[in-house]
Every structure is written in C-alpha cells, then in structure tokens.
Protein chains: 2
Amino acid sequence: MFDFEGKIRNVPDFPKKGIGFKDITTLVGDGQALRETIKRMKGLFADDKIDAVIGIESRGFIFAAILAYEWGVGFVPVRKPGKLPAKTISESYELEYGQDSLEIHVDAIKQGQNVLIVDDLLATGGTIVATTRLAERLGANVVGCCFLVELDFLGARKKLTGYRVESLVHFSEE
Amino acid sequence: MFDFEGKIRNVPDFPKKGIGFKDITTLVGDGQALRETIKRMKGLFADDKIDAVIGIESRGFIFAAILAYEWGVGFVPVRKPGKLPAKTISESYELEYGQDSLEIHVDAIKQGQNVLIVDDLLATGGTIVATTRLAERLGANVVGCCFLVELDFLGARKKLTGYRVESLVHFSEE
C-alpha cells in the first residue's frame with residue numbers, strides 16, 4: 001500500500017507550543033501521492049451513488065473538488081461565515097475557547113441527494129458535525145465522511161455515531 | 001462552446017452595496033460544468049510542460065487541485081498569513097483600504113520548475129501579482145496565469161505585462 005503517512009510532514013509547535021501539526025502540503029505537492037490519495041478515496045466509495053461532494057474550507061476543497069470532478073458530480077463548498085454570497089444556512093460549533101460557525105448555500109444541495117463530505121483532517125470533529133447538520137437540514141443523505149488524516153487520540157468518532165467515517169492515515173498519539 | 005457564463009450567478013450588492021458578485025459556486029456545483037471548465041483550462045496549456053500548479057486560497061484551490069491531479073503534478077497552495085505551518089516567504093499587496101499579504105512554503109517549488117498559477121477570479125490583480133512574485137522568488141518559471149472569470153473593466157492585465165493570462169469568461173462592465 002502507498003505510504004501516505006510518509007508524505008505528511010510533522011511541524012512541531014504549530015499553531016502553538018506543544019502541538020505537532022500534520023502538514024498535508026507535502027503530500028499534495030507530490031503528484032504521485034496526490035493521485036494515490038484520490039485513487040484510494042474513490043475506491044472506498046466506489047459502490048456508492050454519490051450525487052455531490054461537499055468540501056470544507058479550505059484544505060477540504062483540494063480533495064473534494066478532485067473527487068467531484070472524477071465522479072462528474074457537483075462540488076459544494078462549506079465555508080466560514082460571510083464568504084458565500086447567496087442565501088445560506090449556518091451551524092455553529094465549539095472551539096477550545098469560544099465558538100465558530102460554517103455556512104452552506106441553501107440551493108447547493110437538493111432534497112434526497114446522496115452526499116460525501118470531505119476534509120483533510122479529522123481532529124475534534126466540530127466542523128464535520130456542523131457540516132453533517134448543514135447537509136441534512138437541506139435534505140441530503142450523508143453517505144459518508146472522508147478524511148486524509150484522523151487524529152484518533154482526539155476521539156472525534158464518538159461524535160459521529162451512525163455515520164460512515166473513512167480516513168487514509170491514523171495517528172494514535174500526539 | 002460551453003456556456004460558462006450562463007453557469008455563473010450574479011449576486012447583487014455583495015460584499016457591499018453596488019457590487020455585483022460573480023458567484024462561481026453554481027458552476028462548480030454542476031458536475032458537467034466543472035468537467036467542461038477543467039477540459040478547457042487543460043486545453044489552453046496542453047502544449048506546455050507544467051511541473052506544478054499553484055492555487056490561491058480558497059476558491060483557486062478548486063481548479064488548481066483538479067488540474068494538478070489531471071496532469072499528475074504537485075498542487076501548491078498560496079495562503080493568507082499564518083495558515084501554512086512550515087517555513088514561508090511572504091508578499092504583500094494593496095487593498096482598497098490598507099494591505100494584505102500571501103505566503104508560500106519555501107520548499108513548495110524547486111528552482112527552474114514551470115508553474116501555472118490558478119485562481120477563480122481576476123479582479124484588481126493584487127493577489128495574482130503577489131503570487132507571481134512568490135513563485136519567482138523561489139526560482140519558478142511562471143508559464144501562465146489561468147482564471148475562470150476576468151473582470152476586464154478593472155484593468156488587471158496591465159499589471160501582468162509579460163505574463164500569459166487566460167480567462168474562460170470575461171465581464172466587460174460591472
């Protein structure tokens with residue numbers, strides 16, 4: 001199997017002291033690694049009928065856009081507040097200190113569509129939970145949530161009970 | 001020819017009164033339109049040897065990532081300050097009021113590589129000029145700058161003399 005983990009750079013003390021940041025730019029900056037990543041993500045959902053791929057701003061756009069293109073379906077962005085110009089709905093989520101929110105265009109998904117939600121990293125799970133809510137409020141069926149990297153030690157999966165969650169690379173400790 | 005313009009939504013008074021915002025989410029949300037967009041962008045640079053595709057945060061990521069994937073080359077993000085975790089260089093550019101800057105990882109491009117810079121929209125040209133400088137400071141050869149939409153009436157092309165600039169859709173007035 002392709003060594004995805006070997007293409008991810010660990011950046012110590014980013015964004016703050018004591019945190020080891022999983023930098024995926026080294027993976028996407030390698031043409032072969034990018035190809036292998038998409039091949040594997042596609043394979044995981046090869047038996048599903050996906051009508052649209054939702055990407056979470058901004059690194060999620062990279063993988064979600066390519067998957068949408070490959071499947072010939074629409075790409076739907078979920079963005080920070082105030083970025084999407086037309087009518088939106090919003091969901092907030094908790095941060096370590098305070099909260100933030102995400103938005104989706106109300107007409108981006110049609111009732112009953114099967115959607116795949118894609119992001120680069122599953123950490124505490126706040127953004128993905130908010131995104132599943134946004135999709136479902138628009139009547140979508142969330143087929144799954146797909147990540148390049150999952151930080152297992154943060155335990156986000158317990159917030160995603162009932163959803164199919166797939167990650168290519170797992171880190172079991174910080 | 002595919003009607004790219006017909007897939008772009010005009011949102012009046014966004015982000016402020018009197019501005020008509022060109023919303024590309026309606027285009028990328030349409031699987032066929034996304035395919036046609038990439039086909040056309042690929043065709044424009046079919047005779048060039050591209051070693052890496054640079055995408056400007058965040059909507060530029062959508063098209064740049066797909067092109068990099070299609071060509072089997074690396075995708076390189078240019079981002080707002082503080083987002084890229086490893087060592088970066090920075091270029092500032094003028095806004096209507098004040099200034100902002102963009103960053104690139106110093107090891108994202110190798111000396112002598114041919115790069116294509118991709119963004120969704122060419123408006124005043126501040127971000128694309130900053131991005132050409134970032135790429136060239138790392139020793140890249142900028143093969144061209146590719147946009148989905150160009151706002152001709154803002155005259156950004158005169159800041160890009162000597163560069164090949166390609167846009168799929170032109171708006172000649174506000």
Side-chain angles (χ1 to χ4, degrees), chain A residues 9-15 19-35 37-39 50-77 79-80 82-88 104-105 107-110, chain B residues 9-15 19-35 37-39 50-77 79-80 82-88 104-105 107-110:
Chain A
R9 167 163 60 185
N10 191 67
V11 180
D13 300 324
F14 186 89
I19 305 284
F21 189 85
K22 306 304 175 196
D23 179 16
I24 62 126
T25 67
T26 39
L27 182 147
V28 297
D30 178 317
Q32 193 209 344
L34 180 59
R35 283 247 166 156
T37 299
I38 298 302
K39 184 177 163 189
I50 311 279
D51 300 309
V53 183
I54 297 177
I56 304 177
E57 184 172 15
S58 26
R59 283 184 300 259
F61 287 7
I62 300 167
F63 308 101
I66 304 174
L67 286 169
Y69 171 81
E70 274 286 304
W71 284 323
V73 302
F75 163 79
V76 175
R79 301 199 65 179
K80 298 284 168 61
K83 299 281 189 175
L84 292 170
K87 192 180 176 197
T88 58
I104 194 169
H105 274 146
D107 60 358
I109 291 168
K110 292 181 193 74
Chain B
R9 167 165 57 186
N10 191 67
V11 180
D13 300 323
F14 186 89
I19 304 283
F21 189 85
K22 305 303 175 197
D23 179 15
I24 62 126
T25 68
T26 40
L27 182 146
V28 297
D30 178 316
Q32 193 209 346
L34 181 58
R35 282 249 166 154
T37 300
I38 298 300
K39 184 177 162 189
I50 311 279
D51 299 309
V53 183
I54 297 176
I56 304 177
E57 184 172 12
S58 335
R59 285 184 298 261
F61 287 8
I62 301 167
F63 308 100
I66 304 174
L67 287 169
Y69 171 81
E70 273 288 301
W71 284 323
V73 302
F75 162 80
V76 176
R79 302 198 65 180
K80 298 285 168 60
K83 299 279 190 178
L84 291 169
K87 193 181 176 195
T88 60
I104 194 170
H105 274 147
D107 58 0
I109 292 168
K110 293 182 192 71

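All values derive from a computational prediction rather than experimental measurement. FYI, side chains are in, hydrogens and waters are out, and symmetry mates aren't considered; it's all heavy atoms of this structure. Chain identifiers are assigned alphabetically (A, B, ...) following the order of the sequence lines, protein sequences preceding nucleic acid strands; residue numbering begins at 1 within each chain.
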Chemist: Measure distances from B:V28 to the heavy atoms of chain A and classify the residue's part below 4.5 Å as side chain, backbone, both or neither.
Modeler: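 Both parts, backbone and side chain.
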
Chemist: Quick check on the interface: out of A:D30, A:V76, A:I38, who has the most heavy-atom pairs with chain B under 4.5 Å?
Modeler: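 The answer is A:I38.
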
Chemist: At a heavy-atom distance under 4.5 Å, which candidate from A:E57, A:H105, A:Q32 has the highest pair count against chain B?
Modeler: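 Max contact count across the listed options: A:H105.
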
Chemist: A:D107 versus B:R9: any side-chain heavy-atom pair under 4.5 Å?
Modeler: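 The answer is yes; the side chains approach within 4.5 Å.
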
Chemist: Under a 4.5 Å heavy-atom cut-off, does chain A meet the side chain of B:L67, its backbone, both or neither?
Modeler: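 The answer is neither part of B:L67.
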
Chemist: Distance from A:I62 atom CD1 to B:F61 atom CZ, nearest 0.5 Å?
Modeler: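 Answer rounded to 0.5 Å: 5.5 Å.
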
Chemist: Identify the heavy atoms of A:I66 and B:A65 that sit nearest to each other, and give their distance.
Modeler: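 So the two residues come closest at CD1-O, 3.5 Å.
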
Chemist: What part of B:F75 lies closer than 4.5 angstrom to a heavy atom of chain A: side chain, backbone, both or neither?
Modeler: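 Both parts, heavy atoms under 4.5 Å.
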
Chemist: What closest approach, in Å, do B:F14 and A:P85 show between heavy atoms, and which atom pair accounts for it?
Modeler: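 Scanning both residues, the minimum pair turns out to be CD2-CB, 3.4 Å.
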
Chemist: Heavy-atom pairs under 4.5 Å with chain B - which of A:V11, A:D51, A:T37 has more of them than the others?
Modeler: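 Among the listed options, the one with the most contacts to chain B is A:V11.
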
Chemist: Under 4.5 Å heavy-atom distance to chain A, tell me which part of B:P77 shows up: side chain, backbone, both or neither.
Modeler: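 It is the side chain, since no backbone atom gets that close.
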
Chemist: Would you indicate whether the side-chain heavy atoms of B:E70 and A:E70 approach each other to under 4.5 Å?
Modeler: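 The answer is yes; the side chains approach within 4.5 Å.
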
Chemist: Just give me the residue among A:D13, A:L27, A:L34 that pairs up with chain B most often, heavy atom to heavy atom, under 4.5 Å.
Modeler: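 If we count pairs closer than 4.5 Å to chain B, A:L34 comes out on top.
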
Chemist: What's the separation between atom CZ in B:F21 and atom CG in A:L84, rounded to the nearest 0.5 Å?
Modeler: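 Here the interatomic distance stands at 8.5 Å.
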
Chemist: Are B:R79 and A:S58 packed together at the side-chain level, in the sense that at least one heavy-atom pair is separated by less than 4.5 angstrom?
Modeler: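 Yes; the side chains approach each other to less than 4.5 Å.
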
Chemist: In terms of heavy-atom pairs under 4.5 Å, which option from B:T26, B:T25, B:V53, B:I109 contacts chain A the most?
Modeler: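 With the most close heavy-atom pairs to chain A, the winner is B:T25.
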
Chemist: In Å, rounded to the nearest 0.5 Å, how long is the span from CZ of A:R35 to CH2 of B:W71?
Modeler: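 With rounding to 0.5 Å, CZ (A:R35) is 12.0 Å from CH2 (B:W71).
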
